[in-house]
Asker: 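A single structure is presented below for examination.
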Amino acid sequence: MISENLSAVFYLISGVLFILALRGLSSPETSRQGNLFGILGMIIAVTVTFLSIGNFSAGFIYVILFILLGGSIGAFIAYRIPMTAMPELVAGFHSLVGLAAVFVAISAFLNPEAFNLGTKGNIKLGSLIEMSIGAAVGAITFSGSIIAFLKLQGLMSGSPIVFKGQHPLNAIILISIVVLIYLLCASQSSNLFWILLTVSFLIGFLLIIPIGGADMPVVISMLNSYSGWAAAGIGFTLENTALIITGALVGSSGAILSYIMCKGMNRSFFNVILGGFGATDSSSSNVNKEQRPVKSGNADDAAFLMKNASSVIIVPGYGMAVAQAQHALREMVDTLKKNDIKVSYAIHPVAGRMPGHMNVLLAEANVPYDEVFELEEINNDFANADVAFVIGANDVTNPVAKTDPQSPIYGMPVLDVEKCKSVLFVKRSLSPGYAGIDNDLFYKENTLMLFADAKKMTEDITKNL
Amino acid sequence: MEIDPLIFRLSIFILSIFVGYYVVWSVTPSLHTPLMSVTNAISSVIIVGAIIAGLSGNPDSIFNTSSIFGFLATALAAINIFGGFLVTQRMLAMYKKKKKDNQ
């Protein structure tokens, strides 16, 4: 058993180590060391908790058993998960943090003595407020992440689910959560506590169903932020510095990522949260949709164009992840490089289903990270490049965003792919992207459509080079 | 009159938000996915509360409603901790290989 002051110091140390873990991510070189700091911080926090309780009776063995059980499941998932499934994995992990926060809040509510929070039915007011906020945010994180997970996994349609009176309903539920927390604190009634949890689960579910697949990067970042605030709420309840620091870090990290993603789509945060994007525009785009001619080609044509190019820019998108085409793509690029063709990659901030999704896939395929560029870094180079190879991206290349104020994606920063001498567009069909709008790029004079599975097409091109 | 300890915790919280703000802006965009998985792992430090809850039973009744929720939360948080750190490690190792190839 160690003193409370000493354990508080150790919790502070582990909080600092978590800050260093995030700091490490400022460059790939320091990132692995950062991760080790994070692991060390976690080991310190867990060890100190055991020492400060100092109760190594039978319960201790069960705690260890559950840690080992959870740990082996986690380790198994971490080693087996394909990199293309990272968005689902992260959404799934968020839901677990949320649920863990709810469970901790429940056990603190049922047995406040164990946490030094007063007695049952007479919990300290401050602790009860913190606990109920932590529990409510945790519950929202849980059910919201489950919906995000189902949508990303394809178990639930990625298209927005909207119904009449949705926003008023959500507003009423959110207000009722605040009222419930107030009543709960006034009455200490356990029934109100359970109602609060149920309503919070419900609102998490309702908040995410109207948000479409292409907005998932924002949703995942937002849920990341929520999981942090939930942890912070519980941290205040437990008077634990490590949890408070971590909660604040994760909360602000998720908020910043959401901001970056919203900026990448030129949409306000509220516009995304209110949802329904892509559900209504499909009808309007059908109106002026006459059959326009497109040029389509095969792998042979594509290989010919690329062989005669001196520089090629690759624009990967979610379709590349779906087709698992990143390795085939790297092989194609290797062949191009052997022919002295300059190749670089252009990544749009919202390409894929989560922040940095494309970078991880390219890294997996051994693409050096200094060949991969962000939108602002590379956008001027399209005018000087010979071939743009668009693989699995769609909306982020749509010139309509620059030309048509009527378009729902107007004003969104897009890659200036159409400025290339020629554009190769790998796609399975002419169907519109997630935003539900037709891509003008398909019909441009210098665009050659390659209708095929991204992986197969890339392999065929390599054969023809 | 003494300052309520809550104020100290609130100060830590607010200052940590600012630290988080500056630290996260300095994260390179290509590492945003590892950032999410590592924040996931560290927010599972909530396991601290789960352990306290799990150990709250007395020797006669290790399993009461409160401690059962504690055990479950321990397992959930452990999935996240191991899963989060290991998958981050796995991703970052890929970025590492690049460096060797290049230099």
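Residue numbers begin at 1 in each chain, while the letters A, B, ... track the order of the sequences. Just so we're clear, the structure is a prediction, and the values are computed from it rather than from any experiment.
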Asker: Below 4.5 Å from any heavy atom of chain B, which atoms of A:L96 appear? Answer side chain, backbone, both or neither.
Answerer: both
Asker: In terms of ring plane angle, is the pair A:Y369 and B:Y95 parallel, tilted or perpendicular, where the classes change at 30° and 60°?
Answerer: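 Taking B:Y95 first and then A:Y369, their aromatic rings sit tilted (interplane angle of 30° to 60°).
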Asker: Just do the side-chain contact (heavy atoms from CB on, under 4.5 Å) check on A:T241 and B:R9 with the steps written out, would you?
Answerer: CA-CA 7 Å; A:T241 335; B:R9 284 191 286 276; over 6 Å; no
Asker: When you measure from the side chain of B:T28 to the backbone N and O of A:S27, does any donor-acceptor pair fall under 3.5 Å?
Answerer: no
Asker: Please assess B:T39 against A:F93 for the test side-chain contact (heavy atoms from CB on, under 4.5 Å), listing each intermediate value before the final yes or no.
Answerer: CA-CA 10 Å; B:T39 50; A:F93 278 170; over 6 Å; no
Asker: Measure A:L12 against the heavy atoms of chain B and call it side chain, backbone, both or neither at under 4.5 Å.
Answerer: neither
Asker: Would you mind telling me which of A:L238, A:V97, A:L65 has the largest number of heavy-atom pairs within less than 4.5 Å of chain B?
Answerer: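 Counting heavy-atom pairs under 4.5 Å, the top option is A:V97.
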Asker: Taking side chain as everything from C-beta outward and backbone as N, CA, C, O, which of these in A:L89 sits under 4.5 Å from a heavy atom of chain B? Side chain, backbone, both or neither.
Answerer: side chain
Asker: With only heavy atoms counted, which part of B:V38 is less than 4.5 Å from chain A, the side chain, the backbone, both or neither?
Answerer: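 Side chain only.
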Asker: Distance from B:F82 atom CZ to A:I73 atom CD1, nearest 0.5 Å?
Answerer: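 The distance works out to 11.5 Å.
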Asker: Heavy atoms only: give me the nearest B:L55-A:G59 pair and the separation to one decimal.
Answerer: CD2-C, 3.5 Å
Asker: Measure the spacing between CD1 of A:I64 and OG1 of B:T74 and express it to the nearest 0.5 Å.
Answerer: 10.0 Å
Asker: Find the one option among A:L68, A:V90, A:V360 whose heavy-atom pairs under 4.5 Å with chain B are most numerous.
Answerer: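 Among the listed options, the one with the most contacts to chain B is A:V360.
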Asker: Please tabulate, for side-chain N and O atoms in residues 38-51 of chain A, each donor-acceptor pair with protein atoms closer than 3.5 Å (sequence neighbours left out).
Answerer:
{"residue": "A:T47", "atom": "OG1", "partner": "A:I43", "partner atom": "O", "Å": "2.5"}
{"residue": "A:T49", "atom": "OG1", "partner": "A:Y11", "partner atom": "OH", "Å": "2.8"}
{"residue": "A:T49", "atom": "OG1", "partner": "A:A45", "partner atom": "O", "Å": "2.6"}

Asker: For chain A, find which of B:L76, B:V45, B:V27, B:V23 contributes the most heavy-atom pairs closer than 4.5 angstrom.
Answerer: B:V45
Asker: Do you know which of B:N64, B:L86, B:I46 has the most heavy-atom pairs under 4.5 Å to chain A?
Answerer: B:I46
Asker: In terms of heavy-atom proximity below 4.5 Å to chain A, should B:I42 be classed as side chain, backbone, both, or neither?
Answerer: both
Asker: Give a yes or no on whether A:Y345 atom OH has more than 12 heavy-atom contacts from other residues, nucleotides or ligands under 6.0 Å away.
Answerer: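 Check passes, neighbour count above 12.
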Asker: Below 4.5 Å from any heavy atom of chain B, which atoms of A:I106 appear? Answer side chain, backbone, both or neither.
Answerer: side chain
Asker: Top residue by heavy-atom pair count (under 4.5 Å) with chain B, among A:H357, A:E239, A:E130?
Answerer: A:E239
Asker: Is it the side chain or the backbone of A:I19 that comes within 4.5 Å of chain B heavy atoms, both, or neither?
Answerer: both
Asker: If you count heavy-atom pairs under 4.5 Å between each of A:I234, A:L25, A:I77, A:N111 and chain B, which one has the most?
Answerer: A:L25
Asker: Nearest 0.5 Å, what's the OG1-CG distance between A:T30 and B:L92?
Answerer: 9.5 Å
Asker: Determine, step by step, whether A:M83 and B:T33 satisfy the side-chain contact (heavy atoms from CB on, under 4.5 Å) criterion, reporting the C-alpha distance in whole Å, the side-chain angles of both residues, the deciding distance to 0.1 Å, and the verdict.
Answerer: CA-CA 10 Å; A:M83 284 299 141; B:T33 298; over 6 Å; no
Asker: Name the member of B:I81, B:L72, B:L6 that forms the most heavy-atom pairs with chain A at distances under 4.5 Å.
Answerer: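 The option with the most such pairs is B:I81.
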Asker: Just by modelled atom types, is the A:A78 backbone N or O under 3.5 Å from a matching donor or acceptor in the B:R90 side chain?
Answerer: yes
Asker: What residue, out of B:I52, B:V87, B:N40, has the most heavy-atom pairs lying under 4.5 Å from chain A?
Answerer: B:N40
Asker: Count the heavy atoms of every other residue, nucleotide or ligand shown that sit under 6.0 Å from CD1 of B:I7, and state whether that count exceeds 12.
Answerer: yes
Asker: For A:E113, which atoms come within 4.5 Å of any heavy atom of chain B: side chain, backbone, both, or neither?
Answerer: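 Nothing of A:E113, per the 4.5 Å heavy-atom cut-off to chain B.
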Asker: Looking only at non-hydrogen atoms, find the nearest pair between B:F13 and A:A232 and report the distance.
Answerer: CE1-CB, 3.5 Å
Asker: Nearest 0.5 Å please: distance from the CG atom of A:L69 over to the CD1 atom of B:I79.
Answerer: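 A:L69 CG to B:I79 CD1: 7.0 Å, rounded to 0.5 Å.
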Asker: If you count heavy-atom pairs within less than 4.5 Å of chain A, which of B:I14, B:I68, B:T88, B:I51 leads?
Answerer: B:I51
Asker: Measure A:V372 against the heavy atoms of chain B and call it side chain, backbone, both or neither at under 4.5 Å.
Answerer: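 For A:V372, there is no contact with chain B at all, as no heavy atom is under 4.5 Å.
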Asker: Would you name the heavy atoms of A:A114 and B:S56 that are closest together and state the gap between them?
Answerer: CB-CB, 3.3 Å
Asker: If I measure from the heavy atoms of chain B, does A:Y259 come under 4.5 Å with its side chain, its backbone, both, or neither?
Answerer: side chain
Asker: Could you tell me whether B:Y21 atom OH has more than 12 heavy atoms of other residues or ligands within 6.0 Å of it?
Answerer: no
Asker: Counting heavy-atom pairs under 4.5 Å with chain B, which one of A:S31, A:A75, A:A242 comes out on top?
Answerer: A:S31
Asker: Hey, does the side chain of A:N35 reach the backbone of B:F85 with a donor-acceptor pair shorter than 3.5 angstrom?
Answerer: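 Yes.
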Asker: For the residue pair A:G356 and B:H32, what are the closest heavy atoms and their distance?
Answerer: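 What the structure gives for the nearest pair is N-CB, 4.0 Å.
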Asker: Look up atom CZ in B:F18 and atom CG in A:L249, then write down how far apart they are to the nearest 0.5 Å.
Answerer: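 If we round to the nearest 0.5 Å, B:F18:CZ and A:L249:CG are 13.5 Å apart.
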Asker: Does A:S107 reach the main-chain N or O of B:T65 with its side chain, forming a donor-acceptor pair under 3.5 Å?
Answerer: no
Asker: Start with the C-alpha distance between A:V104 and B:F69, add both sets of side-chain angles, then the distance that settles side-chain contact (heavy atoms from CB on, under 4.5 Å), and finish with yes or no.
Answerer: CA-CA 7 Å; A:V104 172; B:F69 275 112; over 6 Å; no
Asker: Where does B:L10 contact chain A at under 4.5 Å (heavy atoms): side chain, backbone, both or neither?
Answerer: both
Asker: Do you know the tightest heavy-atom contact between B:M94 and A:A363?
Answerer: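 Looks like CB-O, 3.8 Å.
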Asker: Write down the atom of B:S30, the atom of A:E374, and the distance for their closest heavy-atom approach.
Answerer: N-OE2, 4.1 Å
Asker: Examine whether an atom of A:T246 lies under 4.5 Å from a heavy atom of chain B, and if so say whether it belongs to the side chain, the backbone or both; otherwise answer neither.
Answerer: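 Side chain only.
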Asker: Is B:W25 close to A:I260 at the side-chain level, that is, under 4.5 Å between some pair of heavy atoms?
Answerer: yes
Asker: Measure the CG-CD distance between A:L36 and B:Q89 for me, rounded to the nearest 0.5 Å.
Answerer: 5.5 Å
Asker: Side chains of B:L31 and A:N359, heavy atoms from C-beta outward: is any pair under 4.5 Å?
Answerer: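 A side-chain contact is absent here, since even the closest heavy-atom pair is not under 4.5 Å.
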Asker: By a 4.5 Å heavy-atom criterion (distance strictly below it), what part of A:L257 contacts chain B: side chain, backbone, both, or neither?
Answerer: side chain
Asker: Report which part of A:S72 has an atom under 4.5 Å of a heavy atom belonging to chain B: side chain, backbone, both, or neither.
Answerer: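 No part of it gets close to chain B.
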Asker: Quick one: which of A:T237, A:L110, A:V102, A:L17 has the most heavy-atom pairs under 4.5 Å with chain B, could you say?
Answerer: A:L110
Asker: Would the number of heavy atoms belonging to other residues, nucleotides or ligands and lying under 6.0 Å from OH of A:Y62 be above 12?
Answerer: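 Not buried by this count: 12 neighbours or fewer within 6.0 Å.
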